[in-house]
Amino acid sequence: MAVILVVDDSATMVMSLSHILKGAGYEVETGMNGREGINKLGEGIKPSVILTDLNMPELDGIGFIKEARRIPATRFTPIIVLTTESGGRKRDEARAAGASGWLTKPAEPNQLLSVVKQLMPNK
Amino acid sequence: MSAALQNDDRVVFAILAEQVSAMRERMDASTTFDLLWRTSTLLSWLSGLLGELSRSNSNPVLEKERIEAVAEIGQIRKSLDELFFFQAQRSDFARQVADCVVISLGRIAAEKAPLKTNFSTHDLEGLYVSSEQRDIHNAVVNKYLK
């Protein structure tokens with residue numbers, strides 16, 4: 001079963017995203033900020049796709065993406081940014097850090113699953 | 001409380017910051033989310049039970065109703081999931097706005113010098129994390145520009 005790592009500092013968002021992704025047949029791992037996300041990767045989790053928020057305490061989304069790209073196992077893992085930011089500057093920053101896709105909130109479950117499916121390796 | 005303290009804007013702002021902060025803490029743990037979550041889980045459970053029933057059911061009328069019930073449960077679950085996801089995102093946005101207000105009020109309350117020289121609209125812009133916040137900000141600024 002494909003694993004998806006969800007990194008968001010909102011407990012409600014994490015719960016909701018996990019519910020939708022599990023309902024679609026994915027296994028879900030979670031982190032409440034970028035640091036927790038990196039720690040999860042350090043524990044040996046190998047997600048097929050990573051979903052991350054941008055604005056989080058301790059280590060934000062951009063920092064998380066940069067660190068994740070330094071880890072050999074996730075160097076090429078698709079990373080989707082799910083955020084309320086729709087501005088071009090932030091988007092460029094995330095892309096430069098290594099983000100693969102972008103989903104602006106509010107999004108619908110179908111949009112989310114469609115982007116995940118699109119970026120899922122060996123789909 | 002002394003009159004000086006009562007009339008101190010910074011104390012007022014510090015209290016407001018705490019009030020909004022208290023409201024923010026409640027945003028992620030509302031009973032609505034809990035109820036949505038439990039209902040969706042219950043429906044999933046019921047759907048599973050109805051699936052099990054089909055194995056021991058030989059009555060065609062009941063079987064037809066069972067299939068309809070499973071389909072209906074599926075539709076309701078889908079709607080609940082959408083509602084849950086939408087509410088979670090709304091809550092996230094409200095939390096971000098609350099964060100901005102708490103930080104701004106906290107900074108104003110902590111300032112020693114006259115307020116207007118220490119916190120500008122530019123400082124506020126630095127706290128935004130969404131385009132919606134910037135849109136609200138710009139709408140207010142534009143009103144004053146007219």
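Lettering follows sequence order; numbering is per chain, from 1.
With a 4.5 angstrom heavy-atom cutoff, A:Leu54 does not touch chain B via any of its atoms. Only the side chain of B:Ser40 comes within contact range of chain A, judged by heavy atoms closer than 4.5 Å. Heavy atoms of B:Gln133 lying under 4.5 Å from chain A are absent altogether. With a 4.5 angstrom heavy-atom cutoff, B:Arg134 touches chain A only via side-chain atoms.
A salt bridge between B:Glu68 and B:Lys64 is present, with a side-chain N of the basic residue lying under 4.0 Å from a carboxylate O of the acidic one. The pair B:Asp81-B:Lys78 fails the salt-bridge criterion, with no side-chain N (NZ, NE, NH1 or NH2) lying under 4.0 Å from an Asp/Glu carboxylate O.
When the shell of 6.0 Å around CD of B:Glu63 is examined, it contains more than 12 heavy atoms from other residues, nucleotides or ligands.
Under the side-chain contact (heavy atoms from CB on, under 4.5 Å) criterion, B:Ser44 pairs with B:Arg77, sequence neighbours left out.
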